[in-house]
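Single-structure report; data block below.
Start at 1 with the first residue, then count along the sequence.
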Amino acid sequence: MSQVMEHGTDAATVVDEYDAIRDTVQLCLDGEARGDVDKLRAAFHPDARMFGSLAGERYDVPIQELFDLAASAPADTGCYRSRILAIQQTGDAAFATVAEEGYWGTVSFVDYLSLAKVDGIWKIVSKLFAHTGGEPPELG
């Protein structure tokens, strides 16, 4: 766990904020794994965007495209696993690094998620991903 502490922040607040950020990121991972758009909508800000490339194709798109893709082709086809590698937070801004393996069977990613605390709730405002291995299935 990486955590940037602000002057005067007590330990309970740091832990509470970390847990809230982690829970939001986990909603995203669970939503992608199962194709659960309700979980994805709970995790992402409605104006969020996704950026990255997969097998030479750019995906610089509104987050709705991730929702549609997850609904039609959930990540977990039997061997998907993911881990939150790091979380950093200062005030109402946070950043999470995530590793995903076995996405659609063989694909691996590292995701960089930017989060903002909006109206007291942590939301992912952007997802930047790097395809680090495996061949994606034909998606259509």
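Every residue meeting the salt bridge (charged side-chain N to carboxylate O under 4.0 Å, His left out) condition with Arg58, not counting sequence neighbours, appears here in chain and number order: Asp60. Partners of Glu135 under the salt bridge (charged side-chain N to carboxylate O under 4.0 Å, His left out) rule, at least two apart in sequence or in another chain, do not exist in this structure. Contacts of Ala75 classified as side-chain contact (heavy atoms from CB on, under 4.5 Å), with partners at least two apart in sequence or in another chain: Tyr80, Tyr103. Residues forming a side-chain contact (heavy atoms from CB on, under 4.5 Å) with Arg81 (at least two apart in sequence, or on another chain): Arg83, Glu101. For Asp68, the salt bridge (charged side-chain N to carboxylate O under 4.0 Å, His left out) test picks out no residue, with sequence neighbours left out. Asp23 is linked by a salt bridge (charged side-chain N to carboxylate O under 4.0 Å, His left out) to nothing, counting only residues two or more places apart in sequence or in another chain. For Asp30, the side-chain hydrogen bond (donor to acceptor under 3.5 Å, both in side chains) partners are Gln26, not counting sequence neighbours.
Contacts classified as side chain to side chain donor-acceptor pair (under 3.5 Å) and involving residues 121-133 (residues at least two apart or in different chains) are given here: Glu17-Trp122, Glu32-Lys127, Ser114-Ser126.
Counting side-chain heavy-atom gaps under 4.5 Å among Ile, Leu, Val, Met, Phe, Trp and Tyr, the cluster of Tyr112 also holds Phe51, Phe95, Val110, Leu128. Residue Val125 shares its hydrophobic cluster (ILVMFWY side chains chained together at separations under 4.5 Å) with no other residue. Clustering of Ile, Leu, Val, Met, Phe, Trp and Tyr side chains at separations under 4.5 Å leaves Val118 isolated, with no partner residue.
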Legend entry - Verdict with reasoning, Val107 to Leu54, per side chain to side chain contact (heavy atoms under 4.5 Å, CB included): CA-CA 10 Å; Val107 179; Leu54 175 61; 4.3 Å; yes

Name the atoms and distances for all side-chain donor-acceptor pairs under 3.5 Å in residues 33-41, with sequence neighbours left out.
from	atom 1	to	atom 2	distance (Å)
Asp36	OD1	Asp38	N	3.1
Asp36	OD1	Lys39	N	3.1
Arg41	NH1	Gln64	OE1	3.2
Arg41	NH2	Gln64	OE1	3.4

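With a 4.5 Å cut-off on side-chain heavy atoms, Leu66 and Phe44 count as touching. A 4.5 Å side-chain heavy-atom check between Leu115 and Val25 finds at least one atom pair inside the cut-off.
The CD1 atom of Ile124 sits 4.0 Å away from atom SG of Cys28, with the distance rounded to the nearest 0.5 Å.
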